[in-house]
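Input: a single structure, listed below in structure tokens.
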Amino acid sequence: MRLSAFFAPTLREDPAEAEVPSHRLLLRAGFVRPVAAGVYTTLPLGLRSMRKIERIVREEMEASGAIELRMPILLPADPWKATGRYELYGETLFRLTDRHERDMLLGPTQEEVVTEIVAAELPSYRDLPINLYQVEWKYRDEFRPRFGLLRGREFLMKDAYTFDRDEEGMRRSYDAMLRAYHRIFDRCALSYVVVEAEPGQIGGDVNHEFMARAEVGEDLFVECANGDYLADRKAATPMPPEHVDVGEPHPLERVHTPNAATINAVSALLGLPAERMLKTMLYDAGGRTVAVLVPGDREVEEAKLERVLFPTPVRPFDEDDFRVRGFVRGYVGPQGLDGEATVLADHSVRGGADWVTGANEADHHVTGANTPRDFRIDRYEDLVALRDGDRCPVDGGQLRIGRSIVVGHIYQLGTRYSGPLGATFVDEDGTNRPYQMGSHGIGISRILAAAAEQFHDDQGLRLPKALAPFEVVVISANADDDRVAAETERIYGELSSRGVDVVVDDRGERAGVKFADADLVGYPVHIVVGSRGVAAGTADLKLRASGDRSQASLTDAAEAAVALLSSAP
RNA sequence: CGGGCCGUGGCGCAGCUUGGUUAGCGCGUCUGACUGGGGGUCAGAAGGUCGCCGGUUCAAAUCCGGCCGGCCCGACCA
């Protein structure tokens, strides 16, 4: 490819709308241009990188036995109503109506479509297992598209769907995807972690997220400094604190705490640390009152509470709940709860005694609250929000919270879709059984952004060679020098014939512009041919990742570039 | 959706507070000259319904209202 006959518009200045590095650099380097919020045109350079990611994904999917097909983006709403996702997805679903007033939507994922086609065409256990996948654009009307390609309303995704006879088969298919995903992200050279995560709107049970480490990541994960524990932050369980022996329990005493409706206020008033307080959070779970007890310095992780109470929906008390059910906000204590309420306590509550907690009347707290003497705990559960510095449940090491971008997510769905859609096959014994399904996504366009986050510096992008739009650039530093032009062409031709993905910068620009662009776009290997070098019989080489420069004779330049490329990340 | 910031030639910005002649600057673009290994210099030129609609006013980029669009912070997801 010749840059003189290509379309790679670069920006000299940072676009005003871009804050995060990947967004800024993908715009500046000419990979994408905005069309609307969260919607982008993929320019030629960006498309080349995206195609390279797609290729890696396809190769590994095929190697794992998956079969590619292509499903429509424009979908009828009915199957979505059957699985309940038409409502569940809510505002995030792009809905439209056709001329016959039929409800349609733009596919955010394609479980419904693939399940129906498999049910129609693969009715026998002999047809199973099967793994069907596609690479297609997905549409989600995100509340807040942001960070360029990191969270668009349109994004390119590889989605694979597995169908098995039984749960054991489903787990085997799942493991095959897990292994394939590792190979894919390894080949993309991403720094990533794999954690168990929340099922979200896809539903199902066991699932893992592949998270690319990134400062700007929106997803938090937790890891132990000793490397033996890794989890989604919302699912992470800290090791509970040691039980502190306070000796003989103090008596329960009521104390006057005017205008102290917060933990901090009570703590300041009584001169006691927040962890001595017992925080009583009230929730409504399908009409029932649920009290959650955590130490005063901790927060409740509502995602954990939802899982504990699943499938009953949970919401925090609002002002009306407090009033109608007779609780005083800011002064709630578990000793005032009757048998109608469920009392859940985090494991960390086991470690304490002589709690300070609400007296269930305005401006009063109690001290010396102890269970079971003063209040009842129905169940201990893991309910606290994990925070930096908590102790690892495996070895007690320091936990820290890392930020990441979810680039892949795999699910064991079971019969979440095959059930409601009536998708069954005939098993060996002649009975109809629903398919045991799995669903496996990879954000192709997001990988590009995540890679840009991980691989860049002040000069621009420096994507790994597996993802860079070209592997090598040959720059003619003096475009109007005939001998330079001739040598540039010769080296370019030699690299092409060796099968290197090479581009030549034969534009009429000045050398400085070409150098700056080469760094900005981040070609892994740069070869510079100029008047000085040609006179001396040499070309200059640069490895973008390290900035290391070297020289080679003009005749060896292509060879040297190939060698340098093999050493490039 | 709640909160904050912002819409001025292709891009980045100033001007708006305190309304008043032809709306400026840098980059980019075009022409010419000089130049030629890290976004070069000089001379000249083109390019703007100041997001849209309405209001106030003798007069609006500037003040007021509404709407649209974009970005950033919070609850969902690849």
Side-chain angles (χ1 to χ4, degrees), chain A residues 9-20 23-24 27-28 33-39 53 57 88-93 108-109 135-160 181 185 197-202 207 209-212 216-219 234 302-303 315-316 404-411 439-450 459-460 475-481 484 507-520 526 528-536 538-540 542 549:
Chain A
T10 54
L11 300 174
R12 188 165 177 173
E13 288 171 281
D14 285 334
E17 78 235 34
E19 301 259 321
V20 303
H23 190 195
R24 208 177 67 231
L27 286 168
R28 276 195 63 199
R33 286 292 181 269
V35 173
V39 182
I53 298 166
V57 169
L88 255 176
Y89 244 97
E91 301 274 284
T92 307
L93 201 58
T109 68
V135 177
E136 194 49 84
W137 292 89
K138 298 288 182 282
Y139 295 82
R140 295 183 191 173
D141 196 1
E142 299 281 351
F143 280 139
R144 184 148 92 88
R146 64 178 140 178
F147 301 155
L149 257 41
L150 281 177
R151 180 197 284 282
R153 292 193 294 175
E154 179 189 72
F155 60 97
L156 188 59
M157 175 163 129
K158 184 285 302 177
D159 42 329
Y181 274 39
F185 296 116
E198 295 288 315
Q201 277 153 358
I202 307 281
N207 73 100
E209 283 182 331
F210 287 72
M211 307 169 112
V216 302
E218 300 178 85
D219 284 84
K234 286 185 179 176
E302 290 184 13
R315 60 171 176 79
S404 70
I405 298 159
V406 177
V407 287
H409 203 162
I410 56 178
Y411 295 91
S439 160
H440 313 281
I442 288 183
I444 306 268
S445 47
R446 188 181 268 186
I447 287 178
L448 178 57
Q459 315 310 315
I475 297 170
S476 69
N478 311 87
D480 52 2
D481 181 325
V484 168
R507 295 176 299 169
E509 298 288 346
R510 299 173 63 87
V513 173
K514 295 184 180 183
F515 296 152
D517 275 353
D519 286 338
L520 179 58
H526 305 182
V528 182
V529 181
S531 303
R532 271 188 345 223
V534 168
T538 60
D540 299 322
K542 180 169 123 175
R549 292 159 199 269

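Each chain gets a letter, A, B and so on, in the order its sequence line appears, and its residues count up from 1. This is a predicted model, so every value here is computed, not measured. All values below come from the heavy atoms of this structure, side chains included, with hydrogens, waters and symmetry mates left out.
Judged by atom type and distance alone, A:R153 does not reach the base of B:C77 through any side-chain donor-acceptor pair under 3.5 Å. The base of B:G36 has none of its N or O atoms less than 3.5 Å from a complementary donor or acceptor on the side chain of A:D481. Side-chain atoms of A:R549 and base atoms of B:G38 include a donor and an acceptor less than 3.5 Å apart. Put simply, the side chain of A:R510 and the base of B:G40 share a donor and an acceptor less than 3.5 Å apart.
As judged by a 4.0 angstrom heavy-atom cut-off over every strand, A:G152 is placed among the base-contacting residues. If you check every strand for non-hydrogen atoms under 4.0 Å, A:Y139 touches nothing. Within the nucleic acid shown, A:V406 comes within 4.0 Å of sugar-phosphate atoms alone, with no base atom in reach, counting heavy atoms only. The residue A:R28 sits close to a base: some heavy atom pair falls under 4.0 Å. Using a 4.0 Å heavy-atom cutoff across all strands shown, A:A37 reaches sugar-phosphate atoms only and no base atom. Contacts of A:V407 with the nucleic acid, taken as non-hydrogen atoms under 4.0 Å apart, involve only primed sugar atoms and P, OP1 or OP2. Looking at heavy-atom distances under 4.0 Å, A:G408 makes contact with sugar-phosphate atoms alone, never a base.
Comparing B:G37, B:G70, B:C77 by their nearest atom to the side chain of A:R140 picks out B:C77. Out of B:C76, B:G37, B:G12, the shortest distance to the side chain of A:A16 is found at B:G12. Among the nucleotides B:A78, B:G70, B:G38, the one closest to the side chain of A:Y411 is B:A78. Distance from the side chain of A:E19 is smallest to B:C72 among B:A78, B:G70, B:C72. Closest to the side chain of A:A511, from the set B:G37, B:G70, B:A78, is B:G37. Ranking B:G38, B:C73, B:C76 by closeness to the A:E142 side chain, first place goes to B:C76. Side-chain proximity of A:E13 to B:G37, B:A78, B:G12: nearest is B:G12. Residue A:R144 has its side chain nearest to B:G74 when only B:G74, B:A78, B:G12 are considered.
Contact annotation: the side chain of A:V528 never approaches that of A:K514 to less than 4.5 Å [non-hydrogen atoms, C-beta and beyond]. Between A:L448 and A:L149, some side-chain heavy-atom pair lies under the 4.5 Å cut-off. For the pair A:H526/A:F515, no side-chain contact is recorded, criterion being any heavy-atom separation below 4.5 Å from C-beta on. Here the side chains of A:F210 and A:I447 are not in contact, with every heavy-atom distance at 4.5 Å or above. Using a 4.5 Å cut-off on side-chain heavy atoms (C-beta onward), A:I444 and A:K138 make no contact. By the 4.5 Å heavy-atom criterion applied to side chains, A:H409 and A:S439 are not counted as neighbours.
No option in A:E17, A:E218, A:E19 other than A:E218 meets the salt bridge (charged side-chain N to carboxylate O under 4.0 Å, His left out) test with A:R146.
For B:G7, the paired nucleotide is B:C68, the pair qualifying as Watson-Crick or G-U wobble because both relevant distances are below 3.5 Å. Using the Watson-Crick or G-U wobble rule with both distances under 3.5 Å, B:G47 pairs with nothing in any strand shown. Partner assigned to B:G2 is B:C73, using Watson-Crick or G-U wobble distances below 3.5 angstrom. A 3.5 Å limit on both hydrogen-bonding distances identifies no Watson-Crick or G-U partner for B:G38. Pair check for B:A14 finds none; no Watson-Crick or G-U wobble contact set falls under 3.5 Å. Here B:U62 sits opposite no nucleotide as a Watson-Crick or G-U wobble pair (both hydrogen-bonding atom distances under 3.5 Å).
Straight-line distance between the P atoms of B:C53 and B:A61: roughly 13 Å, to the nearest whole Å. Taking atom P on both nucleotides, B:C30 is separated from B:G10 by 16 Å, rounded to a whole Å. Spacing of C1' atoms, B:U8 relative to B:C16, comes out at 11 Å, to the nearest Å. Comparing the C1' positions of B:G7 and B:A14 gives an interatomic distance of 15 Å, to the nearest angstrom. If you take atom P in B:A75 and the same atom in B:G28, they sit 43 Å apart, rounded to whole Å. Between B:U57 and B:G65, the two C1' atoms lie 16 Å apart (nearest whole Å).
Atoms NZ (A:K234) and C1' (B:C76) sit 8 Å apart, rounded to a whole Å. For the pair A:E218 CD and B:G74 C1', the interatomic distance rounds to 11 Å; values are reported in whole Å. Going from atom CG of A:D517 over to atom C1' of B:G38 covers 11 Å, rounded to whole Å. At whole-Å resolution of the value, CG in A:D480 and C1' in B:G36 are 7 Å apart. At whole-Å resolution of the value, CG in A:D14 and C1' in B:C71 are 14 Å apart. The NZ atom of A:K514 sits 11 Å away from the C1' atom of B:G36 (whole-angstrom rounding). Distance, A:R146 CZ to B:A78 P: 15 Å, rounded to whole Å. Counting to the nearest Å, the C1' atom of B:G38 and the CD1 atom of A:I475 are 10 Å from each other.
Judged by distance alone, with hydrogens and angles left aside, the side-chain atoms of A:Y181 form a donor-acceptor pair with the main-chain N or O of A:H440 at under 3.5 Å.
Stacking annotation: A:F155 is stacked on the base of B:A78 (ring centroids less than 5.5 angstrom apart, interplanar angle below 30 degrees).
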